[in-house]
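Since the structure comes first, as structure tokens, the remarks are kept for the end.
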Amino acid sequence: MKVVHTIEELRDQLRGQLRAAFVPTMGHLHPGHLALMRMARQHGDPVVASIFVNRLQFGPNEDFDRYPRTLQDDIEKLERERDVYVLFAPNESEMYPEPQSFRIQPPEDLGGILEGHFRPGFFDGVSTVVLKLFSCVQPSVAVFGKKDYQQLMVVRSMCRQFQLPVRILAHETVRDTDGLALSSRNAFLSPQERAEAPRLYATLQEARAQVKAGRIDRAEIEGSATEALTRRGWNVDYVVLRRQRDLNAPTAEQIQQGEPLVLLTAAKLGTTRLIDNLEI
Ligand code: PAF
């Protein structure tokens, strides 16, 4: 695997390649990321991964400074798996040589809700860096995890509206054996919090069971899931039932008629904020 730190080196490596498959990450790689790399390998050649902790998508009081940075360890993991041909690991001045005053701003009805509401500017930061990374790598395919469900929708919408020649593929969320979605932020959980963390997914499964059993009152479904988590000490930002196609709230008739739905949640255990989702 070639590890490159500058855009010039990256372009040298990729010159003439029209079928590159790309996996952007912020590092501290876990088996969920490695699954994205494997999927990329099935859909393009060469596989390019990036590791860049993007300051632009962190709010002023968020965990940018303590976000785990484990480049050497990540390189070893990627070398063992042998799926990635080029790893692009730029530093901040390579990605942002001047203040990033041009930004992508996703539409409010997609980028301003849920994560975008609780993390203002988050999707501007994500879209802007993803566009820049696409411009550096020029992939034909890029792979994103479904764990960041709204991010996946924002990126898809950006590619559609800007007619970017990149096909976006989604990989199912990879979970630990107890159901907890793999995330770099799980590293922040204390042993006690780690033991509690699978409740987030279990709560979504219970809510899904209610919908499947015929419950159609959205507010009640969301309310009982929120209450169940709050009672156990979680600080819940949201548990919502939304339409898969646009993340708008479904009507009772749509729930009844089997509209494809998704439960989405974000909640804090101590100081660690976890997100998860479950399609119905
Ligand atoms: O999902 C992530 O790790 C990040 O949001 C991404 C897509 C790499 C952009 O910084």
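Numbering of ligands and ligand atoms starts at 1, following listing order.
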- Kindly write out the residues that satisfy side-chain hydrogen bond (donor to acceptor under 3.5 Å, both in side chains) with Arg245, not counting sequence neighbours, or none if the list is empty. Glu259
- Item | Contacts of type side chain to side chain contact (heavy atoms under 4.5 Å, CB included), residue Asp246, not counting sequence neighbours | Arg243, Asn248
- Task: Output the distance between atom CZ (Arg232) and atom CD (Glu227), rounded to the nearest 0.5 Å.
- Result: 13.5 Å
- Query: How does Leu133 reach ligand 1, by side chain, by backbone, by both or by neither, if only non-hydrogen atoms under 4.0 Å count?
  - Reply: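 It is neither part, as no heavy atom is under 4.0 Å.
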- Could you name the option among Arg55, His33, Gln57 that has the heavy atom nearest to atom 10 (O) of ligand 1? Gln57
- Do Thr6 and Glu9 have side-chain atoms, one donor and one acceptor, less than 3.5 Å apart?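 Judged by distance alone, the side chains do pair up.
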- Message: Between Glu115 and Tyr149, do the side chains contain a donor N or O and an acceptor N or O under 3.5 Å apart?
- Response: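 There is no such pair between these side chains.
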By number and element, which atoms of ligand 1 are closer than 4.0 Å to a non-hydrogen atom of [X]?
| X | answer |
| --- | --- |
| Gln151 | 1 (O), 2 (C), 4 (C), 5 (O), 7 (C) |
| Val129 | 9 (C), 10 (O) |
| Thr25 | 8 (C) |

